[in-house]
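What follows is a single structure, written as C-alpha cells, with notes after it.
In this chain, numbering begins with 1 at the start of the sequence shown.
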Amino acid sequence: MWTGVFPAVTTKFTEDDRLDHAEMERCFALQMEAGCDGIIVCGSLGEGPMLSHDEKIEVLKTAQKLAAGKPVLLTVNEAGTREAAAIARRAAKEGANGLMVVPSPIYHTNAEETVAALRAVAEAGDLPVMIYSNRLAYRVDVTVDQMEELAKDKRFVAIKESSDDIRRSTEIINRFGDRYDLFTGVDNLAFEALSVGAIGWVAGLVTAFPRETVAIYQLMKQGRREEALKIYRWFRPLLDLDVSTYLVQNIKLAEVLAIDTNDRVRMPRQPLSGERRKTVEKIVRDALAVRPKLPTF
C-alpha cells in the first residue's frame, strides 16, 4: 500500500541547462528529513515533458539515493504509447518502485484509447501504477468507469485524483472501497480530500514547505482535524500557487525563498518576472512572516 505525502519534486538545472544532481540531492533530502513517504519524479512540476528519457532515468537514480528505501515513482507522460512503454521498461530495469502514468498530453484519447494506452504502459513496465487523472491539465478524464476496467489488472494500485471535483474522491471510494490507494493531487483541495477518505497526497508546495505539508497529513491521520485546519488555512494562499499555468515557476520561486535554492527552468518556460514575480514573492514572504509553530510527532 502507498500512503502518506509523496512530493512531486522539481528538477534542478545548472546555469548551462544540465541536470544539477547535487542540488536535487540537497532538496530531495529535505523532503525525506521532514517525513515524506515517497518521491515522484519527472511529473508536470518536475518538467518531465522537457526531459529526455536519459535525463528522466538520471533523476530517478538521484531520487533513489535519497529515498532511504521509501517508494520512488517515475512519471510517464509521453505523447505516444510506444515511447511511454519504452520509458516504463527502462524505469523497471533501473529499480523504480512504480510508475505514475498520465494519458497522452498531446492526443486527447477517448475512453477506449485511454484504457488501452494505460494497460500497454503497465504491461511494458510490469510495475505498480498510480493512475494520474487530471482532466483540467490534460483534457482527458480517467473516469470512475475506466478505473473499473483498469481494476481488473492488479498492477493498477493507486489513483492521483486531480479532477478538481471533490465529489470524485467519494465516488471512487464508494465504487472500489480500498481497491485503489487514493491520493489527492490538487494542493488546495488536500484537506478536503483527506477529510473524505484519501490516504495520500501527491503534493507540490511540499518542495518548499515539507514540514507543514507533512504536519497536515499526520494531524489528519491522527484525527486532530482542528489543528490540521489551522495550518491548512495559513497554507492556502501558497497552495493556490499549484493550481496555475505557471505552477512550475511559482513553486520554484517559493523554493528560492523558503529553502534557498534557484528557480531555473527549462525553456520554453522562463522564471517569473515583473508584476507576476512580485505577486508570488509577496504571497510567499507574507506566509513566511507568520509561519505556524508545528506540533511534534
Side-chain angles (χ1 to χ4, degrees), residues 4-77 87 90-91 94-97 100 187 201-214 238-239 241-242 244 246-273 276-277 280-281 283-285 287-288 291:
V5 176
F6 280 41
V9 292
T10 58
T11 301
K12 293 302 180 185
F13 301 105
T14 62
E15 290 183 4
D16 61 351
D17 200 34
R18 299 177 185 272
L19 295 177
D20 189 343
H21 291 285
E23 186 61 4
M24 281 189 279
E25 287 183 16
R26 187 184 76 84
C27 294
F28 296 173
L30 294 175
Q31 304 299 302
M32 294 296 100
E33 290 165 8
C36 292
D37 301 285
I39 298 178
I40 299 178
V41 299
C42 306
S44 304
L45 183 54
E47 298 174 76
M50 311 302 174
L51 304 176
S52 70
H53 281 196
D54 287 345
E55 287 177 318
K56 291 181 180 184
I57 296 301
E58 288 183 44
V59 175
L60 171 69
K61 290 180 177 179
T62 296
Q64 289 170 326
K65 289 197 299 184
L66 277 299
K70 293 179 179 179
V72 180
L73 280 61
L74 178 74
T75 307
V76 177
N77 46 14
I87 191 62
R90 287 190 65 179
E94 297 297 340
N97 299 106
M100 184 170 76
D187 266 3
W201 180 358
V202 178
L205 267 298
V206 66
T207 64
F209 295 91
R211 295 191 183 279
E212 288 83 357
T213 307
V214 170
L238 294 163
L239 297 176
L241 298 175
D242 181 57
S244 166
Y246 298 95
L247 82 157
V248 175
Q249 295 98 317
N250 288 346
I251 292 175
K252 281 193 165 182
L253 180 52
E255 290 179 321
V256 168
L257 300 171
I259 63 170
D260 192 28
T261 185
N262 66 76
D263 63 342
R264 288 189 282 268
V265 289
R266 180 160 281 179
M267 291 181 70
R269 285 188 179 92
Q270 295 185 6
L272 297 182
S273 60
R276 191 180 301 277
R277 187 178 187 90
V280 174
E281 280 190 355
I283 290 169
V284 179
R285 292 188 190 279
L288 288 170
R291 201 167 189 171

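Here Leu253 contributes atom CG and Glu281 contributes atom CD; the two are 5.5 Å apart, rounded to the nearest 0.5 Å. Note that the CD atom of Glu58 and the SG atom of Cys42 stand 10.0 Å from one another [nearest 0.5 Å]. Atom-to-atom distance recorded for Glu33:CD and Gln31:CD is 9.5 Å, nearest 0.5 angstrom. With rounding to the nearest 0.5 angstrom, the SG atom of Cys27 is 12.5 Å from the CE atom of Met32. We find the CG-OG distance between Asn250 and Ser244 to be 4.5 Å, quoted to the nearest 0.5 Å. Rounded to the nearest 0.5 Å, atoms CZ (Arg264) and CD (Gln270) are 14.5 Å apart.
Looking only at distances, no side-chain donor or acceptor of Glu94 sits under 3.5 Å from a matching main-chain atom of Ala91. Looking at Lys12, its side chain does come within 3.5 Å of a backbone N or O of Asn262 through a donor-acceptor pair. Put simply, the side chain of Arg269 never gets that close to the backbone of Val248: no donor and acceptor are under 3.5 Å apart. Remark: the backbone N or O of Leu205 is paired with a side-chain donor or acceptor of Asp187 at under 3.5 angstrom.
A 4.5 Å side-chain heavy-atom check between Asp17 and Arg266 finds at least one atom pair inside the cut-off. The closest side-chain heavy-atom distance from Ile87 to Leu74 is below 4.5 Å. Between Val5 and Val202, the closest side-chain pair of non-hydrogen atoms is not below 4.5 Å. Put simply, the side chain of Gln64 does not reach to within 4.5 Å of the side chain of Asn97, judged on heavy atoms. By the 4.5 Å heavy-atom criterion applied to side chains, Val72 and Leu60 are counted as neighbours. Residues Val9 and Ile40 are not in side-chain contact: their nearest non-hydrogen atoms beyond the backbone lie 4.5 Å or more apart. With contacts defined as side-chain heavy-atom distances shorter than 4.5 Å, the pair Leu247/Leu241 does not qualify. At least one side-chain heavy atom of Pro271 sits under 4.5 Å from a side-chain heavy atom of Val265.
Each of Thr213, Val41, Val206 was checked for a side-chain contact (heavy atoms from CB on, under 4.5 Å) with Pro7, and the lone residue meeting it is Val206.
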request  = Evaluate the criterion side chain to side chain contact (heavy atoms under 4.5 Å, CB included) for residue pair Ile39 and Lys70; output intermediate values, then yes/no.
outcome  = CA-CA 8 Å; Ile39 298 178; Lys70 293 179 179 179; over 6 Å; no
query = Given Leu19 and Thr14, is the side chain to side chain contact (heavy atoms under 4.5 Å, CB included) satisfied, shown in steps?
reply = CA-CA 6 Å; Leu19 295 177; Thr14 62; over 6 Å; no
task = With side chain to side chain contact (heavy atoms under 4.5 Å, CB included) as the test, would you mind laying out the steps for Leu288 and Phe209 before giving the verdict?
result = CA-CA 10 Å; Leu288 288 170; Phe209 295 91; 3.6 Å; yes
key: Criterion side chain to side chain contact (heavy atoms under 4.5 Å, CB included) on Glu55 and Met50, from CA distance to verdict   = CA-CA 10 Å; Glu55 287 177 318; Met50 311 302 174; over 6 Å; no
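In terms of heavy-atom proximity, Pro71 sits nearest to Asp37 at CD-O, 3.2 Å. In this structure, Ala287 and Leu238 approach most closely via the heavy-atom pair CB-CD1, 3.5 Å. Considering every non-hydrogen atom in both Asp242 and Gly204, the closest pair reads OD1-CA, 4.3 Å. Listed here is the closest heavy atom pair of Leu66 and Ala29: CD1-CB, 3.7 Å.
Side chains of Thr10 and Glu255: a donor on one and an acceptor on the other come within 3.5 Å. Side-chain N/O atoms of Glu23 and Thr261 include a donor and acceptor closer than 3.5 Å. Counting only N and O atoms by type, the side chains of Thr75 and Asn77 include no donor and acceptor under 3.5 Å apart. Glu47 and Thr11 form no side-chain donor-acceptor contact under 3.5 Å, judged by distance and modelled atom types alone.
With respect to Asp263 and Arg277, a salt bridge is recorded, a charged nitrogen being found less than 4.0 Å from a carboxylate O. Remark: Asp54 engages Arg90 in a salt bridge, criterion side-chain N to carboxylate O under 4.0 Å.
For the pair Arg18 and Phe13, the cation-pi test (distance below 6.0 Å, angle within 45°) is failed.
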